[in-house]
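First comes the structure, then the notes that go with it.
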There are 2 protein chains.
Amino acid sequence: MNDVARLAGVSIKTVSRVVNDEPGVHPSTAERVLAAIDQLGFRRNLSARNLRRGSSTGTIGLVLEDVGNPFYSGVTRAVEEIARLRGRQVISGSSDEDPGRERELALEFCSRRVDGLLIVPAGLQHSYLVPEMRAGTPVVFLDRPAGDVVADTVLVDNIGGTVEAVTHLAAHGHRRIAFLGDAPDIFTANERLRGYREGCVRAGIGYHEELVAMGPHDESSVLTTLQRLQTMREPATAIVAGNNRITVYILRALAGVAERPALVGFDDFELADLLSPPVTVIAHDASALGKAATDLLFARLDGDNSPPRRVVLPVRLVPRGSGEVHA
Amino acid sequence: MNDVARLAGVSIKTVSRVVNDEPGVHPSTAERVLAAIDQLGFRRNLSARNLRRGSSTGTIGLVLEDVGNPFYSGVTRAVEEIARLRGRQVISGSSDEDPGRERELALEFCSRRVDGLLIVPAGLQHSYLVPEMRAGTPVVFLDRPAGDVVADTVLVDNIGGTVEAVTHLAAHGHRRIAFLGDAPDIFTANERLRGYREGCVRAGIGYHEELVAMGPHDESSVLTTLQRLQTMREPATAIVAGNNRITVYILRALAGVAERPALVGFDDFELADLLSPPVTVIAHDASALGKAATDLLFARLDGDNSPPRRVVLPVRLVPRGSGEVHA
DNA sequence: CCGCTGGGGGACAACGTTGTCATAGTGGCC
DNA sequence: GGCCACTATGACAACGTTGTCCCCCAGCGG
């Protein structure tokens with residue numbers, strides 16, 4: 001800006017006026033300034049501007065588990081969309097389920113003075129955010145709740161979803177329904193397990209420990225588990241998969257197998273309807289989750305001071321075939 | 001920092017020293033300062049720091065078409081990964097194929113003084129970036145080349161890929177091979193069309209306009225096109241799909257159809273191997289693309305001044321079944 | 001001719017940091 | 001005791017902006 005001012009033969013304040021379309025600059029002067037700006041390729045430094053004006057940085061921070069996962073990239077897309085409507089940029093990072101990394105990212109974003117923070121928690125401790133929250137930075141947790149702070153949270157109905165899955169399978173005559181879930185220290189995995197258990201009890205088929213296999217899972221652990229489930233005294237005739245990755249592992253393991261158990265997966269995924277048989281899922285909308293969380297964040301930014309809210313989004317069972325196999 | 005200094009009874013410079021682990025502060029003083037920092041929840045303002053030090057902002061900008069698309073979210077993930085290793089945050093945004101939006105995002109990122117820019121071009125004009133590039137901001141284009149500037153670019157071998165697809169189908173006896181591509185003003189779509197044409201010529205089956213349908217496509221346009229292709233005098237017996245979305249549209253349109261044409265899709269996608277028949281694709285690696293581009297960007301940041309490079313990443317045909325149907 | 005008005009423009013401080021340099025005190029050595 | 005070296009600390013400017021306040025001067029009315 002200094003250089004522009006020198007080249008145009010005016011003070012930097014006048015350049016500032018031109019750049020900001022402020023009134024009170026003679027057209028001929030403005031023209032000289034614009035020419036200088038063009039010639040020098042000047043671009044206003046937003047950081048300096050925000051610093052001086054004490055205004056918001058126009059950014060929001062997004063910490064999620066893995067942008068590469070279609071579920072989270074759907075969330076990201078929705079967040080971006082709304083942020084854009086409100087004139088904000090999104091800075092994002094993946095924690096890979098590492099609490100340390102989550103914290104590092106969140107605090108880094110705070111150092112950059114983001115206007116707000118959206119976090120898919122990896123860990124259970126979030127008191128590190130208390131100073132920021134007290135300082136007025138709104139924080140919304142999504143997909144999973146915060147560990148040890150009370151804050152806005154947007155979840156999906158994990159328990160209701162698995163209850164429904166089990167109920168659905170039981171209605172088709174299954175009494176030996178297995179559950180393959182993610183690592184039990186992950187909130188959603190644990191909730192879904194609870195839903196599974198409740199569903200079993202409600203259906204009157206009882207909860208049997210030997211039908212449950214919590215993760216972390218990979219392709220081979222799923223394969224082993226399935227073998228165990230099918231060779232036990234009373235084999236499982238149906239499976240509830242705890243998330244989209246596990247569903248896919250199961251599908252791979254079952255590829256080419258003649259006698260397939262019924263299957264209901266948590267999380268919808270592309271092409272589920274084109275497989276044979278098409279896969280019945282508990283669907284919930286990544287973009288709805290992102291939207292709800294971002295809306296909440298902006299409500300806070302708009303001055304909403306009401307007590308922290310917990311929003312639970314509904315899920316719905318989408319019957320496609322794999323879950324409608326009779327026992 | 002001012003408040004911290006006041007509370008600790010020292011000058012702000014001393015606080016700065018403590019925050020930056022600079023030597024020459026008495027342990028007892030440092031302790032007082034740390035206590036004050038803790039009590040006030042102070043967090044250093046990175047913008048101000050970077051402004052003062054004239055150092056990099058530690059961010060890189062990523063403009064892509066749509067984070068929600070698994071291909072681009074794979075790219076994003078790879079970019080993030082490498083940026084992280086080099087201590088940078090990623091700011092990203094989706095252009096939705098809108099050149100105006102692409103420009104807006106890129107310039108916004110420049111205003112934020114990103115250290116470098118990664119762009120999946122939506123438009124054909126990128127001279128708006130010339131001032132930035134001259135000012136030393138490295139820019140790498142990925143997936144598609146820049147319109148009217150010479151710059152680093154990382155592409156995949158679109159032509160080679162479709163040539164291979166056609167050759168593969170012709171080797172299985174097909175002589176009526178159709179091509180469904182994206183809108184022809186999209187670079188990759190156009191290249192793939194060229195590859196298709198060249199493949200036809202090389203295979204000695206000739207290029208026939210009526211077998212080509214360029215987009216933009218949606219589910220219904222694909223359906224109509226397929227009907228046309230199958231009811232013409234000499235029906236198409238094989239199809240090359242120009243990208244992953246189109247492949248999926250075709251799969252949906254063909255669901256339940258008995259007499260299926262052979263199919264090779266450009267872009268691999270999850271579960272392609274579990275469909276029946278499994279889908280033969282031209283695969284290329286999103287994360288390799290992201291990694292190559294980011295590596296190139298960092299090489300520039302490390303001072304590499306060699307002339308702009310154009311990297312073309314290989315693709316490979318993955319036969320799975322849908323492309324090995326004999327005519 | 002004087003004073004007032006208002007448009008056009010500039011000087012300066014400040015945002016939150018950090019780099020540079022100065023200074024006060026302390027202890028050791030001749 | 002005087003001087004030096006060294007440690008601990010602070011004052012101040014500057015990064016690139018913008019908000020505040022002030023000034024100059026032309027034009028106009030009396």
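Worth knowing before you read on, the calculation uses all heavy atoms, side chains too, and leaves out hydrogens, waters and symmetry mates. No experiment lies behind these values; they were computed from the predicted model shown. Each chain gets a letter, A, B and so on, in the order its sequence line appears, and its residues count up from 1.
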Backbone N/O of Ser306(A) and side chain of Asp304(A): donor-acceptor pair under 3.5 Å: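 Flag set: sc Asp304(A) to bb Ser306(A) pair under 3.5 Å.
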query: Is the backbone of Gly58(A) close enough, under 3.5 Å, to the side chain of Asp115(A) for a donor and an acceptor to pair up by distance?
result: yes
message: Taking the axis from the first five pairs and the axis from the last five, what angle separates them in the helix from dC1(C)-dG30(D) to dC30(C)-dG1(D), rounded to 10 degrees?
response: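 Taking the rotation axis at each end, their angle is 70°.
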message: With heavy-atom distances below 4.5 Å as the criterion, would you say the side chains of Arg77(B) and Ser287(B) are in contact?
response: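 Answer no - side chains too far apart.
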- prompt: Quick one: does Pro138(B)'s side chain get under 4.5 Å of Leu301(B)'s, heavy atoms only?
  reply: yes
query: What string of B, S and - do you get for nucleotides 9-19 of chain C, 5' to 3', when a contact is any protein heavy atom under 4.0 Å?
result: BBB-BBBBBBB
message: If we check salt bridge (charged side-chain N to carboxylate O under 4.0 Å, His left out) with Arg144(B), which of these qualifies: Glu102(B), Glu191(B), Glu97(B)?
response: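 With Arg144(B) as partner, Glu102(B), Glu191(B), Glu97(B) yield a single salt bridge (charged side-chain N to carboxylate O under 4.0 Å, His left out), made by Glu97(B).
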Enclosure of Glu22(A) CD (heavy-atom neighbours >12, cutoff 6.0 Å):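 Atom CD in Glu22(A) is crowded, with more than 12 foreign heavy atoms closer than 6.0 Å.
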task: Assign the ring pair His126(B) / Phe141(B) to parallel, tilted or perpendicular, where the plane angle (0 to 90°) is split at 30° and 60°.
output: perpendicular
